[in-house]
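Since the structure comes first, as structure tokens, the remarks are kept for the end.
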Amino acid sequence: MSTSSSLFQKDLLIEALKQSFIKLDPRLMFRNPVMFTVEIGTAVMLYVCIWVLFGEQSQGSFIYNTAIFLILFFTLLFANFAEALAEARGKSQAESLRKTREETPAKKNFSVGKSHNHQMEIIPSSQLRKGDMFYCEAGDIIPADGEIIEGLATIDESAITGESAPVIREAGGDKSSVTGGTKVLSDTITVKVTTEQGESFLDKMIALVEGASRQKTPNEIALTILLAGFTLVFLIVTVTLQPFADFAHAPVTIGALISLFVCLIPTTIGGLLSAIGIAGMDRALRANVITKSGKAVETAGDIDVLLLDKTGTITIGNRKATHFYPAEGIDNAHFIHSVVLSSLADETPEGKSIIELAKVNPRDYRINNAQFIKFTAETRSSGIDIDNRRIRKGAVDAIKMLCEKAGNPFPTETANTVNQISNNGGTPLVVSENEKILGVIELQDIIKPGIGERFQRLRKMGIKTVMVTGDNPLTAKFIAEKAGVDDFIAEAKPEDKMNYIKKEQANGRLVAMMGDGTNDAPALAQADVGVAMNSGTQAAKEAGNMVDLDNDPTKLIEIVEIGKQLLMTRGTLTTFSIANDVAKYFAIIPALFIVAVPSLQGLNIMKLHSPESAILSAIIFNAVIIPFLIPLALKGVAYKPIGAEALLRRNLLIYGLGGIIIPFIGIKIIDLFVSQCI
Amino acid sequence: MVQELLGIVCVFFLSVVCSIPLGKYISKVFLYEYTRLDIVFNRLDRWIITLSGIDATRQMTWKDHVKSLLYINGVWFFLSMAVLMNMSHLPLNPDGNPSMSFDVAFNTSVSFITNTNLQHYSGETGLSYLGQLILMLWQFLSAASGITVCAVVFMAMKETKSEAFGNFYSIFIRSCTRILFPLAIVTAILFLFNGMPMSFEGKDSITTLQGEQQYISRGPVAAFTAIKHLGTNGGGLYGVNSAHPLENPNYFTAIIQMIAQTIIPMGLVFALGYMLKNKKFSRMIFGVMTAGFIILVTPTIISEMQGNPNITAMGIQQTMGNMEGKEIRFGSGLSGYWSIITTVISTGSVNAMHDSFMPLSTMNQLLAMMVNGFYGGCGVGFLNFYIFIILAVFISGLMVGRTPEFLGKRVEAKEIKIAMLIALLHPFLILIGTALATALPDYTTASLSNPGFHGFSQILYEFTSSSANNGSGLEGLGDNTPFWNIACGIVMVLARYLPIIGPIAIAGILANKKYIPESNGTLKTDTATFGLMIFAVIIIITALSFFPALTLGPVEEYFSLIK
């Protein structure tokens with residue numbers, strides 16, 4: 001997937017330009033009260049222009065009025081352009097994903113009943129319905145989202161995730177979900193379609209970006225109300241100014257009043273507001289996260305508690321053997337030899353890591369007449385029977401019991417080693433030969449490099465991190481401390497997650513979690529932000545409100561930042577927009593009255609050339625600031641985890657104070673140009 | 001001059017020093033905690049509750065509180081109209097003053113019940129003693145209403161999650177008996193010792209040195225003046241208010257009156273800190289209010305003490321500053337201070353004629369009333385400030401990337417809608433009122449003592465004062481006409497009740513929301529940074545709403561003066 005970060009691609013620009021005009025339709029404009037009033041103002045100015053053309057003398061020259069009209073018209077176009085560009089970017093991003101699911105032949109499976117004979121028919125993928133079964137073999141493109149009901153296959157998901165390493169998906173369990181557009185590399189699978197055409201997450205996401213079903217988020221609604229309030233205040237200010245001016249015998253033109261009005265109302269944020277919202281979802285999409293609603297992105301910024309699975313998120317994959325501790329009197333070489341023997345048939349990552357640690361070639365081992373003992377939940381050990389040697393390795397308790405049953409003591413020295421390993425966050429595996437203790441293998445979790453800094457960053461944001469693990473509390477505590485998480489749930493069962501979430505929510509906190517399994521689904525639904533992995537089951541994906549295409553458990557951290565950026569961009573641009581009004585007042589108010597009331601020259605602190613140039617400069621500044629801020633609106637204000645107060649101080653300084661100063665400079669510069677032209 | 005300034009600084013410090021312990025006491029009254037005065041007041045309260053037959057224990061929702069407020073205020077209004085329009089037939093009228101006409105009675109009743117005390121009549125000739133007494137009652141009750149609604153909001157802010165908090169009537173009675181009544185008695189006694197009249201006899205007559213007969217109006221002046229300031233009412237018994245030698249005989253009574261009007265508004269801010277067990281939050285609010293006050297009062301004192309540059313240019317000495325319309329016994333500096341304290345706090349009592357102040361001072365007086373939340377009126381000042389807090393919380397919450405929270409409650413669309421409507425109301429009433437007056441010259445031109453820009457200032461001031469429930473005026477405006485009486489009356493009613501209902505509604509809705517514990521990402525609201533944010537919100541909203549109007553009034557006057 002392309003992650004081009006260039007804001008202004010040519011084809012996107014053309015599409016956005018076209019949309020800027022289409023969006024002038026008042027029915028569409030009505031959704032945005034601030035810009036809607038600007039549109040009314042523009043219409044009035046058009047009327048004034050015609051009126052002046054037909055000989056009206058009191059409203060100033062035709063050129064001056066036309067200039068105002070055109071600038072207002074461009075203000076509208078700029079605002080529309082911002083929104084259209086954000087939409088176009090989001091759409092192109094979504095389109096590139098959608099391309100993966102263009103018409104592909106589907107091998108629909110017609111067999112009914114239990115025996116899936118290969119009675120199949122090739123139909124276009126668009127004709128697949130929810131509940132249909134289809135069949136894929138090596139080389140096929142999967143035609144629709146679904147769940148594997150039979151078989152196992154390696155699948156290339158690079159079209160969706162950009163990750164080239166193939167993944168394994170198999171029926172049953174938590175990795176049974178396949179996505180339309182991905183390619184089967186080996187084996188054959190039978191898949192059941194889980195979503196209706198046009199209703200997949202991606203389709204929903206595209207609709208969301210396109211605006212048709214884009215609902216305003218709670219904070220966006222509140223902000224719109226605030227902006228509408230400001231608009232109303234300034235409407236009152238402008239309307240009442242007419243009788244005030246008449247009283248002072250200082251007649252003002254309609255053009256000047258409308259200019260004042262448009263300058264004062266928060267057009268900057270009003271024009272960029274929806275673009276900011278769309279850009280938030282777009283940024284999520286660029287991070288390969290599909291959101292089901294804009295609200296979810298916004299909520300992500302408010303998250304207080306983050307539930308993270310230990311494996312894959314905090315630690316790299318699985319535990320690894322890191323040390324061999326032969327018991328007293330046991331020869332090191334003999335111990336290693338026995339350990340390797342017992343692990344030869346052990347396909348678990350732990351077993352493999354033992355052989356790795358022993359640095360031996362398994363082929364050198366003679367395993368004739370050997371009988372492998374598989375791990376069972378009852379014995380909690382595995383091993384090998386060879387040449388009258390019964391080698392077992394397993395949990396401490398299991399082996400201890402095994403030996404003691406046979407009358408052999410459990411050496412204190414071994415017990416000490418076991419304790420020491422546990423205290424260091426490792427998992428001890430005890431090895432015995434013929435019910436006598438041989439020694440201990442230490443398994444350790446490898447904490448991902450850099451994860452500690454990420455948790456530090458989260459803590460500074462005020463987010464509590466919770467590690468969820470099946471480990472015993474001692475091991476869990478050690479890893480939690482080492483990785484720097486704030487809390488942990490040890491020996492976690494699925495309902496533990498759920499209970500933890502409910503407990504935090506009862507205390508008024510917002511919780512986010514990531515999950516993939518079907519048994520995660522209730523917790524995903526309960527969490528305020530539930531991110532399901534794309535590889536996860538359909539149930540998990542239905543339950544969450546985001547789907548991560550990369551299946552990357554650390555993605556939550558990025559999502560939180562995207563949410564925060566979204567709110568911050570709105571907040572800072574609102575502040576900037578309102579702060580701009582100070583300078584605009586000092587441009588327009590003297591301009592309105594200076595002719596009739598010369599003493600007010602003292603207010604013209606920018607020393608603008610003439611009343612006309614002052615008014616034109618102010619509205620030109622007001623218009624061009626919108627396109628200037630489009631990159632900021634689309635990229636978002638940078639979030640720095642420096643604490644809320646410091647962040648407020650920083651943003652007040654940049655956008656508040658900056659918002660007061662910049663327009664003074666901008667208007668003065670524009671005035672220098674405008675005064676040359678008129 | 002140093003002495004004059006030192007006196008002013010002392011007055012301010014005394015106000016703060018008095019209001020801190022008062023704040024602690026007020027918090028105990030609101031929290032129903034034990035005070036030493038309980039022995040007297042418990043019995044008195046019980047007696048009042050039994051007599052009036054109210055249920056003083058039921059916990060009320062915010063809607064119940066609003067209903068109770070409107071209900072008792074409505075009863076007072078009709079009672080007030082009945083008395084004022086029939087004074088000539090009623091007792092306690094030794095000077096034989098006439099009854100009021102409908103429009104004056106309407107304006108006066110509204111004015112006193114809304115704690116405004118905009119007096120379009122003159123006390124000496126316009127009211128009987130019964131009239132004065134009933135207005136004095138409203139001075140108590142309107143102030144107690146303000147304190148009560150403030151207490152209701154405080155209680156709501158304390159709630160972790162509850163729909164109902166406090167009983168309106170019970171707090172109302174406690175505010176009257178335990179706060180206003182004892183303070184008023186102490187203050188009135190201080191006034192009595194300084195020679196202020198307290199009598200129900202008619203006019204006294206004296207023979208002046210020139211041998212002429214002069215009639216001196218009397219009345220319950222000491223009692224009236226005490227509650228006039230304590231309750232931030234501002235309505236004087238005499239027409240010229242506290243500039244009258246019998247209503248404000250000397251420098252000492254002036255100090256008492258200035259301190260008396262500040263202690264309850266300031267005390268309430270400190271009371272909030274005690275109630276929330278967060279003194280830092282209180283100090284932050286107090287700091288913002290004080291910063292605003294100092295920014296307004298300093299240039300006012302300076303410009304009054306400097307006097308009019310055009311008079312200096314004529315070669316006339318102005319060592320005492322701008323003394324037009326001021327009393328020698330107070331001086332220009334102290335009068336400048338009074339004019340700002342009486343406008344930041346919605347008292348509206350005057351010891352000098354605001355119409356004769358320098359343009360910069362007039363602008364600051366107007367700005368003080370336009371903000372109406374730097375200390376502000378009894379109880380309601382904090383409510384206005386509360387709206388600014390909510391708006392500041394919202395904007396700053398967004399700026400730090402988190403859904404805004406205030407005291408652990410999420411501020412959402414509904415609260416913002418209410419807050420914005422209330423923030424909008426003040427400019428709406430002032431600007432629309434002023435626009436109406438300028439657009440209808442037939443009704444208003446005759447009232448103006450000055451045409452042009454100062455005339456505009458007079459109109460703007462009258463509506464600002466009405467909407468701020470302040471009550472002072474630029475008295476060059478002949479405002480006792482049906483137009484002014486009714487227009488200002490309507491403005492006063494709307495500007496009183498909506499800004500009370502709004503904050504109670506917001507506080508009530510927030511009280512019923514789930515409490516969210518603080519985290520590192522939460523923006524703390526008791527810090528200097530947040531104080532700065534509130535200050536910025538206040539300045540921006542006020543400045544942006546009123547800048548054009550001020551330009552055509554005091555700003556123009558200022559520039560034409562320094563030209």
Side-chain angles (χ1 to χ4, degrees), chain A residues 218-219 221-223 225-226 229 232-234 236-237 239-241 243-248 250 264 298 301-302 304 459-464 507-509 563-565 567-568 570-572 574-575 578-579 581-582 585 589 593 597 599-600 602-603 639 643-645 647-649 651-652 655-656, chain B residues 391 394-404 408 411-413 415-417 420-421 423-424 427-428 431-432 434-436 438-439 441 452-453 455-456 514-517 519-524 527 529-530 532-533 536 540-541 543-549 551-552 555-556 559-560 562-563:
Chain A
N219 275 317
I221 292 171
L223 185 58
I225 291 170
L226 185 87
L232 260 171
V233 171
F234 294 125
I236 297 166
V237 169
V239 167
T240 54
L241 199 55
F244 294 177
D246 288 346
F247 184 85
L264 292 182
E298 203 178 272
D302 288 339
D304 301 293
R459 193 164 311 112
K460 280 190 192 148
M461 288 182 196
I463 295 168
K464 178 177 157 189
N507 287 329
R509 297 195 176 87
K564 287 207 176 285
Q565 270 193 324
L567 289 187
M568 274 173 51
R570 287 200 196 121
T572 50
T574 303
T575 308
I578 304 283
D581 283 2
V582 177
Y585 259 138
I589 294 291
F593 302 122
V597 192
S599 57
L600 287 177
L603 278 183
Y639 177 78
E645 202 192 339
L647 200 60
L648 177 63
R649 225 175 301 146
N651 285 339
L652 262 185
Y655 298 95
Chain B
L391 293 177
F394 182 72
I395 298 176
S396 51
L398 290 187
M399 281 219 279
V400 299
R402 196 176 159 91
T403 296
V411 177
E412 287 161 309
E415 294 81 69
I416 290 301
K417 194 186 283 177
M420 209 56 216
L421 277 176
L424 211 130
F428 176 82
L431 295 176
I432 297 288
T434 309
L436 207 64
T438 50
F453 300 103
F456 184 77
K514 200 192 270 175
Y515 179 80
I516 306 155
S519 80
N520 266 347
T522 314
L523 183 70
K524 291 192 177 58
T527 59
T529 309
F530 187 71
L532 181 73
M533 184 73 203
I540 288 277
I541 290 185
L544 295 185
S545 308
F546 298 110
F547 186 74
T551 307
L552 291 175
V555 173
E556 194 285 336
F559 280 117
S560 52
I562 59 162
K563 188 171 50 180

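Just so we're on the same page: letters track the sequence lines, and every chain starts at 1.
Put simply, of B:Ile516, B:Leu436, B:Leu424, the one with the most heavy-atom pairs under 4.5 Å next to chain A is B:Leu424. Ranking B:Ile432, B:Thr522, B:Leu523, B:Val411 against chain A, the residue ahead of the rest is B:Leu523, based on heavy-atom pairs under 4.5 Å. By number of non-hydrogen pairs under 4.5 angstrom with chain B, the leading residue of A:Tyr639, A:Phe247, A:Tyr655 is A:Phe247. The candidate with the highest count of non-hydrogen atom pairs below 4.5 Å against chain A, out of B:Ile416, B:Ile540, B:Ile562, B:Val555, is B:Ile416. Interface check for chain B: of the options A:Ile221, A:Asn507, A:Val582, A:Ile463, the most heavy-atom pairs under 4.5 Å are formed by A:Asn507. Interface check for chain A: of the options B:Pro517, B:Gly455, B:Gly452, B:Ala536, the most heavy-atom pairs under 4.5 Å are formed by B:Pro517. Heavy-atom pairs under 4.5 Å with chain B were tallied for A:Val239, A:Thr574, A:Asn651; the largest tally goes to A:Asn651. Put simply, of A:Gln565, A:Glu645, A:Arg649, the one with the most heavy-atom pairs under 4.5 Å next to chain B is A:Glu645.
Shortest non-hydrogen contact noted between A:Ala250 and A:Val597 is CB-CG2, 4.3 Å. Closest non-hydrogen pair, B:Phe559 versus A:Ser599, comes out as CB-O, 3.3 Å. Contact record, B:Leu391 with B:Ala423: CD1-CB, 4.0 Å, taken as the closest heavy-atom pair. B:Phe453 approaches A:Ala248 most closely through the heavy-atom pair CE2-CB, 3.8 Å. Closest approach of A:Leu648 and B:Ser396 over heavy atoms only: CD1-CB, 3.4 Å. Listed here is the closest heavy atom pair of B:Thr438 and A:Pro243: OG1-CB, 3.7 Å.
Between A:Phe244 and B:Phe456, the two ring planes are perpendicular [angle over 60°; tilted spans 30° to 60°].
Heavy atoms closer than 4.5 Å to chain B are found in the side chain of A:Phe234, but not in its backbone. Both the backbone and the side chain of B:Lys417 come within contact range of chain A, with heavy atoms under 4.5 Å apart. If you measure heavy-atom distances from B:Ile541 to chain A, the contacts under 4.5 Å come from the side chain alone. Looking at A:Leu264, neither its backbone nor its side chain comes within 4.5 Å of chain B, counting heavy atoms on both sides. Heavy-atom distances place both the backbone and the side chain of B:Ala549 under 4.5 Å from chain A. No part of A:Lys464 comes within reach of chain B, as not one of its non-hydrogen atoms sits under 4.5 angstrom from that chain. Heavy-atom distances place the side chain of B:Met420, and not its backbone, under 4.5 Å from chain A. Of the atoms belonging to B:Glu412, it is backbone heavy atoms, and not side-chain ones, that fall under 4.5 Å from chain A. Looking at A:Asp246, neither its backbone nor its side chain comes within 4.5 Å of chain B, counting heavy atoms on both sides. Using a 4.5 Å cut-off between heavy atoms, B:Leu552 contacts chain A through its side chain alone, with no backbone atom that close. Only the side chain of B:Phe394 comes within contact range of chain A, with at least one heavy atom under 4.5 Å from a heavy atom of that chain. Heavy-atom distances place both the backbone and the side chain of A:Leu226 under 4.5 Å from chain B. Contacts between A:Ile578 and chain B at a heavy-atom distance below 4.5 Å involve backbone atoms as well as side-chain atoms. Both the backbone and the side chain of A:Val233 come within contact range of chain B, with heavy atoms under 4.5 Å apart.
At distances below 3.5 Å, not a single donor-acceptor pair connects side-chain atoms of B:Tyr515 with backbone N or O atoms of A:Gly508.
Considering only heavy atoms from C-beta on, A:Tyr585 comes within 4.5 Å of B:Pro548 through its side chain.
When the options A:Leu232, A:Val237, A:Ile236, A:Thr240 are evaluated for a side-chain contact (heavy atoms from CB on, under 4.5 Å) with B:Phe428, the one that passes is A:Ile236.
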(request) Could you walk me through whether B:Thr527 and B:Met533 pass side chain to side chain contact (heavy atoms under 4.5 Å, CB included), step by step? (result) CA-CA 10 Å; B:Thr527 59; B:Met533 184 73 203; over 6 Å; no

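Every residue meeting the side-chain hydrogen bond (donor to acceptor under 3.5 Å, both in side chains) condition with A:Glu298, not counting sequence neighbours, appears here in chain and number order: A:Thr217, A:Asn219, A:Arg570. Residues forming a side-chain hydrogen bond (donor to acceptor under 3.5 Å, both in side chains) with A:Asp302 (at least two apart in sequence, or on another chain): B:Thr403.
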